[in-house]
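What follows is a set of notes on a single structure, which appears directly below.
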Amino acid sequence: MPITGRLFVVHQTPSTAKLHTKPPLPGSGGKAWVLFPQPLPGFKCSPPVTSLSGPPGPPEAVTIDEITDTTAQLSWRPGADNHSPITMYVVQARTPFSVGWQAVSTVPEVTPANVSGGGGSKSELVITWETVPEELQNGGGFGYVVAFRPFGTVSWMQTVVASPDASRYVFRNETLPPFSPYEVKVGVYNNKGEGSFSPVTVVYSAEEVKAYNTAGTGPSSATVNVTTKKPPPSQPPGNIIWNSSDSKIILNWDQVKALDNESEVRGYKVLYRWNRQSSASVIETNKTSVELSLPFDEDYIIEIKPFSDGGDGSSSEQIRIPKISSKAGERGTSARAPAPLLHDGSALH
């Protein structure tokens, strides 16, 4: 029976050491454990103890390489596992503007599980998967990349599903043959980059809709034409600049240009919240700048993302703005805010 918990030495002699745990081990009745560092004739340890397990030691030889303006390569060697296998590592960092240590955002390391599909209406290919939990998304701007191709072909067709809560994608095309096999895979991405794809699986397109009875199968239903929309822009807003003065924040960013296979940008959503809040409010604007009035003396977090007829595009990295004082204005390349007032005439949601 391994002893877990923190051990304290009660009494020690050249041949024995009496130890107890705090809190006591379940079923021990609070009794001390007697351990013999060296085997002694005629003595036994009851119950027998084979190992002591505890929290792992710190990682060793931590190094940082390939440092750029926004990324760094971090490596280390595992420390002592103290008789219990190490299951994961937590990477934290801080900056002059951080409040303590914060978890580091990285490229997603998991892939969606249970990728499958099938069914749907005529000329549809339905692809489904299990959503990735928030704690495994490794940062903001999380979404999915859905790839598919007719079975036996080489080239993949891909589309971006920008919602982290999405679990389904439907591809519609009038030339799609009914009940045909397609190879599909689903990957993930966030603001730090793209992760891996799931293993390839085979999904069949929908069958034709027909009625039948004991006399046989009837004709197909009437064709319904549906025009699919292009996916939203995959590039987040860049070069975000903020200035603060007199309880106001002015945000500016570069225009996002959609690719040929993406929906045109219709505007931008500015998501803002206090640093201590988990939910955010949203402002929509069709400009590349916005002025926010912040009546509260708080730190703020801001994200900006484009939106289009195909949905919301990729979010910028989270921008943290320290609480605004009544002193001289500040300037930075990050931003944030709650319950502000919009001064460019756009709607506040």
is_close_aromatic(Phe171, Phe148), centroid dist under 6.0 Å: yes
Separation of Ile249 CD1 from Asn243 CG (nearest 0.5 Å): 10.0 Å
Gap between atom CD of Glu183 and atom CH2 of Trp156 - 0.5 Å precision: 5.0 Å
Validation row: Leu125, Tyr204 side chains within 4.5 angstrom (heavy atoms): no
Flag if over 12 foreign heavy atoms under 6.0 Å of CD, Glu134: no
Chi angles and distances behind the side chain to side chain contact (heavy atoms under 4.5 Å, CB included) call for Asp312, Lys269: CA-CA 9 Å; Asp312 292 348; Lys269 292 183 179 181; 3.1 Å; yes
Distance (rounded to the nearest 0.5 Å) between Thr128 OG1 and Tyr169 OH: 14.0 Å
Minimum heavy-atom distance Pro178-Ser205, with the two atoms named: C-OG, 3.6 Å
Nearest atoms (heavy-atom pairs only) where Tyr144 meets Pro164: OH-O, 3.1 Å
Ser289 side chain vs Leu251 backbone, donor-acceptor pair below 3.5 Å: no
Minimum heavy-atom distance between Phe197 and Gln158, given as atom pair plus value: CZ-NE2, 4.2 Å
Heavy-atom check, side chain of Ser198 versus side chain of Lys185, under 4.5 Å: yes
Trp253-Tyr268 aromatic ring centre distance below 6.0 Å: yes
Val188 side chain near Val107 side chain, heavy-atom distance below 4.5 Å: no
Any Pro78 side-chain heavy atom under 4.5 Å of Tyr89 side chain: yes
Side chain to side chain contact (heavy atoms under 4.5 Å, CB included) assessment of Asp309 paired with Arg266: CA-CA 7 Å; Asp309 289 336; Arg266 292 181 49 215; 3.0 Å; yes
Asn173 and Thr175: side chain donor to acceptor below 3.5 Å: yes
Ser234 backbone acceptor or donor facing Glu262 side chain under 3.5 Å: yes
Gap between atom OH of Tyr182 and atom OG1 of Thr153 - 0.5 Å precision: 8.5 Å
Transitive ILVMFWY side-chain link Val160 to Val132, under 4.5 Å: no
salt_bridge(Glu317, Lys192) N-O dist < 4.0 Å: yes
Shared hydrophobic cluster for Val110 and Val115 (ILVMFWY, side-chain gaps under 4.5 Å): yes
Arg172 CZ to Glu124 CD distance, which is reported to the nearest 0.5 Å: 4.5 Å
Side-chain touch Lys287/Gln255, heavy atoms, less than 4.5 angstrom: no
N/O donor-acceptor pair under 3.5 Å between Arg149 side chain and Val184 backbone: no
Ser263 side chain vs Lys230 backbone, donor-acceptor pair below 3.5 Å: yes
Test log, rule side chain to side chain contact (heavy atoms under 4.5 Å, CB included), inputs Val145 and Val186: CA-CA 6 Å; Val145 180; Val186 181; over 6 Å; no
In one Ile/Leu/Val/Met/Phe/Trp/Tyr side-chain cluster, 4.5 Å: Ile67, Val62: yes
Thr111 backbone acceptor or donor facing Trp129 side chain under 3.5 Å: no
Asn138 backbone acceptor or donor facing Asn190 side chain under 3.5 Å: yes
Sub-4.5 Å side-chain heavy-atom contact between Pro233 and Pro306: yes
Minimum heavy-atom distance Ser314-Tyr189, with the two atoms named: OG-CE1, 4.0 Å
Path from Ile64 to Val91 over hydrophobic side-chain contacts below 4.5 Å: yes
Any donor-acceptor N/O pair, Lys305 side chain to Gly141 backbone, under 3.5 Å: no
Any donor-acceptor pair under 3.5 Å from Ser316 side chain to Glu303 backbone: no
Side chain to side chain donor-acceptor pair (under 3.5 Å) partners of Asn191, counting only residues at least two apart: none
Under 3.5 Å side-chain donor-acceptor pair for Thr63 and Ser75: yes
Test item: Ile86 and Pro56 side chains (from C-beta on) under 4.5 Å apart, heavy atoms: yes
Where Gly313 and Ala162 come nearest, the two heavy atoms and their spacing: O-CB, 4.4 Å
Candidate pair Val265 and Phe307, rule side chain to side chain contact (heavy atoms under 4.5 Å, CB included), full reasoning: CA-CA 6 Å; Val265 176; Phe307 66 88; over 6 Å; no
Non-hydrogen atoms of Ala166 and Val161 that approach each other most closely: CB-CG1, 3.4 Å
Check: Thr288 side chain, Asn252 main-chain N or O, donor-acceptor pair, under 3.5 Å: no
Value rounded to 0.5 Å, distance of CZ in Phe142 from OG1 in Thr131: 8.5 Å
Cluster check Ile250, Ile304: I/L/V/M/F/W/Y, side chain < 4.5 angstrom: no
Any side-chain heavy-atom pair of Phe151 and Val202 under 4.5 Å: yes
